[in-house]
Amino acid sequence: MENRNEAGRREYPTPSRKDLKKMIYFDNAATSWPKPPEVKEAMVRFMEEIGANPGRSGHLLSIEAARIIYETRETLSTVFNVKDPSRIVFTQNATESINLALKGLLRPGDHVITSSMEHNSVMRPLRDLEKKGVELSVVPCSPKGKLDSRDIEKKIQSRTRMIVLNHASNVTGTLLPVREAGRMAREHDLLFLVDAAQTAGAFPIDMESDGIDLLAFTGHKSLYGPQGTGGLVIGERIHEKEMIPLKQGGTGSRSEFEEQPDFLPDRFESGTPNAVGIAGLLAGVRFVLKRGVEPIRRHESHLIEKLIEGFKDIPQITLYGTGEMKDRIATLSFNIENLSPSDVAFRLEEASGILCRPGLHCAPSAHRTIGTFPGGTVRFSFSFFNRIEEVEQAIEAIRHLAHQGG
Amino acid sequence: MVYGVILFPSIYFALRAEKKSKEKGLSVRLIPVPRHLSPDCGVCLRIPWEEKETIHSLLEKEGVKIEGVHPLKTHEK
């Protein structure tokens, strides 16, 4: 099927509704799809019935828009066990949250420790800070992507200020020892930043018992909100006045002053927010709470377990990451002998309508760690909406592809 | 009824104050901030003046930052 725009130029083909039904979407680590229908409904309701700028104007609709954002903060605080919802600030995505935490708190002369399994959302701002005088230690992980928390401890020195870890790798799905690292950070009086892009909503997170000081999350993956939503939880051990905002501007508060407010959440929320997106995020988070993070995890673990099991008798397949369900989430990387990841992805889409992500997944360091740089891997990632039949179809499609070879 | 208003540093606290007060069955309402109290463009919480101590201590307990508590003149409803 081909679309032409008004000028008659050829545009990219748009899948028809019928095609969409036949597709198998295994790219939930990039963004979850489909979303629960109530997410779209909440966004439509916001556009049709509310629409105003939240908290800027004092009229009914402005208050209603602000109320939706307030409710989202409060609802998210139950997901992550945050006592004070004002300590959740909204951002565009986890990347912005990580940038805010790192650039807002680290100063030249500080030392920061991270792992070799990080995404570029952590690596790139850290490499930038390194040029500006922040010292960086990257702790190597095992070829399965596992991190021994004792290896972090060995790197701690007198100027160490922060430990930064992803909760689970976007390449292998391997969980990092967040709780142990959190305990260690408290013992050594360090700040602990967790990149929860892959886990928020899909794996239990508790700011208190995990010892997290800064939690960067995205709204559009396992919280089932729309793209352009995310946030940073700023724990009680952080003095917000010492954290520099990425941007300054209008907040709807203290309008008579030309200085940026020093209180939460306004200090870090300048400019009109993505209120329609946050309305959708609220519906997504409510969906997660209604189903429960643990049941969602059980469903997704079941799917990944079946996938790994099905791959076992296909000798041409190399699996990456750990096979232990307790140490992983529902994201899996693999390769097929004599086929490049992009070939596999293309042929899966052509032959079976399976949509996945080949390549380096914005995480070159993680691929170096597991030995797949620069070729990359094929990645399957599941959500609550994937079904066991889809996994079975995928196993058969891969088996066929593996036997065909290059 | 004699009313008063509570002013907050931001809409977040105003909404939290409204929610926590209503949960306790208190008759409160968000209204635009009267011009003579603050040049800000936001909202404040109108409260029954006789409940000001109850509400004040409730909000402190709930972590709501308060900027000021003022009586309203009778024509300012």
Side-chain angles (χ1 to χ4, degrees), chain A residues 50 52-78 82-90 231 234 236 240-241 249-273 275 278 282, chain B residues 3-49 51 55-73 75-77:
Chain A
I50 303 168
N53 198 324
R56 298 302 200 261
S57 313
H59 57 69
L60 190 73
L61 292 182
S62 174
I63 294 174
E64 198 47 39
R67 192 171 275 132
I68 283 174
I69 293 179
Y70 176 85
E71 286 299 324
T72 313
R73 251 188 262 279
E74 217 179 71
T75 311
L76 280 165
S77 70
T78 64
V82 180
K83 283 201 197 91
D84 176 0
S86 76
R87 306 199 72 87
I88 301 176
V89 302
F90 288 112
I234 301 169
E236 313 259 345
E240 56 270 22
K241 286 175 196 169
T251 56
S253 55
R254 304 234 164 172
S255 296
E256 66 272 40
F257 300 108
E258 292 184 3
E259 281 76 36
Q260 185 73 2
D262 59 7
F263 52 83
L264 291 166
D266 296 31
R267 181 167 174 75
F268 303 107
E269 287 188 352
S270 292
T272 301
I278 293 172
L282 175 58
Chain B
Y3 293 108
V5 291
I6 304 181
L7 271 53
F8 307 96
S10 74
I11 185 82
Y12 167 81
F13 295 108
L15 287 165
R16 186 166 176 85
E18 180 198 44
K19 184 166 182 177
K20 296 298 168 191
S21 306
K22 284 192 167 166
E23 279 171 9
K24 295 278 176 202
L26 293 155
S27 151
V28 297
R29 192 181 159 182
L30 289 174
I31 62 164
V33 178
R35 285 286 302 163
H36 69 276
L37 292 178
S38 163
D40 209 346
C41 45
V43 291
C44 59
L45 192 70
R46 192 187 71 179
I47 59 164
W49 190 238
E51 303 273 18
I55 295 176
H56 196 278
S57 59
L58 168 73
L59 298 186
E60 272 195 337
K61 202 185 82 199
E62 296 290 352
V64 175
K65 285 194 174 80
I66 291 172
E67 285 220 317
V69 185
H70 306 273
L72 275 186
K73 292 177 200 126
H75 63 273
E76 289 178 331
K77 281 170 198 171

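All values below were derived from every heavy atom in this structure, side-chain atoms included, with hydrogens, water molecules and symmetry-related copies excluded. The structure presented is a predicted model; accordingly, all values stated were derived computationally and were not measured. Order of the sequence lines sets the chain letters (A, B, ...), proteins ahead of strands, with each chain counted from 1.
Between chain B and the residues Leu60(A), Thr251(A), Asp84(A), Ile63(A), the most heavy-atom pairs under 4.5 angstrom are made by Ile63(A).
For Glu62(B), no part lies near chain A; criterion is any non-hydrogen pair under 4.5 Å. With a 4.5 Å cut-off on non-hydrogen atoms, Leu264(A) touches chain B through its backbone but not through its side chain. The parts of Pro85(A) that come within reach of chain B are both its backbone and its side chain, each placing non-hydrogen atoms under 4.5 angstrom from that chain.
Around atom CD of Glu23(B), more than 12 heavy atoms belonging to other residues, nucleotides or ligands sit under 6.0 Å away.
Between the OH atom of Tyr12(B) and the CD atom of Glu74(A) there is a distance of 7.0 Å, given to the nearest 0.5 Å. One distance of note links CZ of Arg267(A) with OG of Ser10(B); it measures 14.0 Å at 0.5 Å rounding. With values rounded to the nearest 0.5 angstrom, Ser253(A) atom OG is found 13.5 Å from Phe8(B) atom CZ. Put simply, CD1 on Ile11(B) and CG on Asp266(A) are 9.5 Å apart, with the number rounded to the nearest 0.5 Å.
No side-chain heavy atom of Arg73(A) sits under 4.5 Å from any side-chain heavy atom of Arg16(B). Side-chain atoms of Glu18(B) and Arg67(A), non-hydrogen and from C-beta on, do get closer than 4.5 Å to each other.
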